[in-house]
Amino acid sequence: MLTHAARRIANLVFGGTCLLCRGSADDARGEGLLCAACERDLPRLGEGGLCPSCALPCAGGAVCGACLAAPPRFDATIAAFAYRFPADVLIQALKFRGALAISALLGRVLAQRVAGSERIDAVLPVPLSAARIRARGYNQSMEIARVVARATGLALRPALCARIRDTAAQIELAAAERVRNVRG
């Protein structure tokens, strides 16, 4: 009881506020990022109904038409969340507001999705250009990848993938321009 009271006092003084609803985020994992209700509301992706190549919704979990027409240069994609509220808010806070603590939550949930998969050889964070790293100060993908690698025991291999050119920030572009921006 004393430990619980001390934790609640520390949360009041040093944080413990849910990043989404601003309620109490006193959770059993000790992350103190989300309340239980907001974590339940995260749009988790399940095993079925997703294209195994790109992880976008696809009937029956078959390879989607886009991946059949132009197969990606990788074997599979595993995603933890759909990019919609409230997951999008958390991802944007990590990327653009320096809320690095969110990488622990995102990495933990992604690690749960990849745990036990025999098809994964290593964890590769999406690289940022040198200019973007200097501007932001960190690579959000690397921060998530560290958590996934640590939780799953998979090798973290950031050097296996390199950004060969600096591109415009995707957030500034329309959908069609985003596709052209990352081509090649």
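Worth saying up front: this structure is predicted, and the values here are computed from it rather than measured.
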Backbone N or O of [Y] within a donor-acceptor pair of the [X] side chain at under 3.5 Å?
| X | Y | answer |
| --- | --- | --- |
| Arg113 | Ala79 | yes |
| Glu177 | Ala174 | yes |
| Arg178 | Leu173 | yes |

Exercise: identify the closest heavy-atom pair between [X] and [Y]:
| X | Y | value |
| --- | --- | --- |
| Asp166 | Ala131 | OD2-CB, 3.7 Å |
| Leu45 | Phe81 | CD1-O, 3.4 Å |
| Ala122 | Arg157 | CB-CG, 3.7 Å |
| Val114 | Ile120 | CB-CD1, 3.4 Å |
| Asp75 | Arg119 | O-NH2, 3.6 Å |
| Cys18 | Cys35 | SG-N, 3.4 Å |

Cluster question for you: counting only ILVMFWY and a side-chain heavy-atom cut-off of under 4.5 Å, with indirect links fine, are [X] and [Y] together?
| X | Y | result |
| --- | --- | --- |
| Val63 | Leu50 | no |
| Val126 | Leu128 | no |
| Tyr138 | Leu124 | no |
| Val147 | Ile91 | no |
| Leu154 | Phe74 | no |

If you measure from [atom1] on [X] to [atom2] on [Y], what distance do you get to the nearest 0.5 Å?
| X | Y | atom1 | atom2 | result |
| --- | --- | --- | --- | --- |
| Gln112 | Ile78 | CD | CD1 | 13.0 Å |
| Cys58 | Leu68 | SG | CG | 8.0 Å |
| Ile102 | Gln92 | CD1 | CD | 10.5 Å |
| Ile133 | Met142 | CD1 | CE | 8.0 Å |
| Asn139 | Arg146 | CG | CZ | 8.5 Å |
| Leu90 | Leu33 | CG | CG | 8.5 Å |

[X] vs [Y] side-chain heavy atoms within contact, under 4.5 Å:
| X | Y | answer |
| --- | --- | --- |
| Ser103 | Leu94 | yes |
| Cys67 | Leu56 | no |
| Leu20 | Asp41 | no |
| Ser53 | Pro71 | no |
| Pro86 | Pro43 | yes |
| Gln140 | Leu106 | no |
| Cys54 | Cys64 | yes |

Checklist line | Heavy atoms from other residues, nucleotides or ligands near CG of Asp88 exceed 12 (cutoff 6.0 Å) | finding: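 Correct, the count exceeds 12.
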Next item on the list: Take Arg150 and Arg108, measure what side chain to side chain contact (heavy atoms under 4.5 Å, CB included) needs, and give me the verdict at the end.
Entry: CA-CA 10 Å; Arg150 193 170 32 253; Arg108 174 180 50 83; over 6 Å; no
Note to self: Less than 4.0 angstrom from a charged side-chain N to a carboxylate O is my criterion; do Glu39 and Arg44 meet it?
What the structure shows: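 Salt bridge flag = yes for Arg44 with Glu39.
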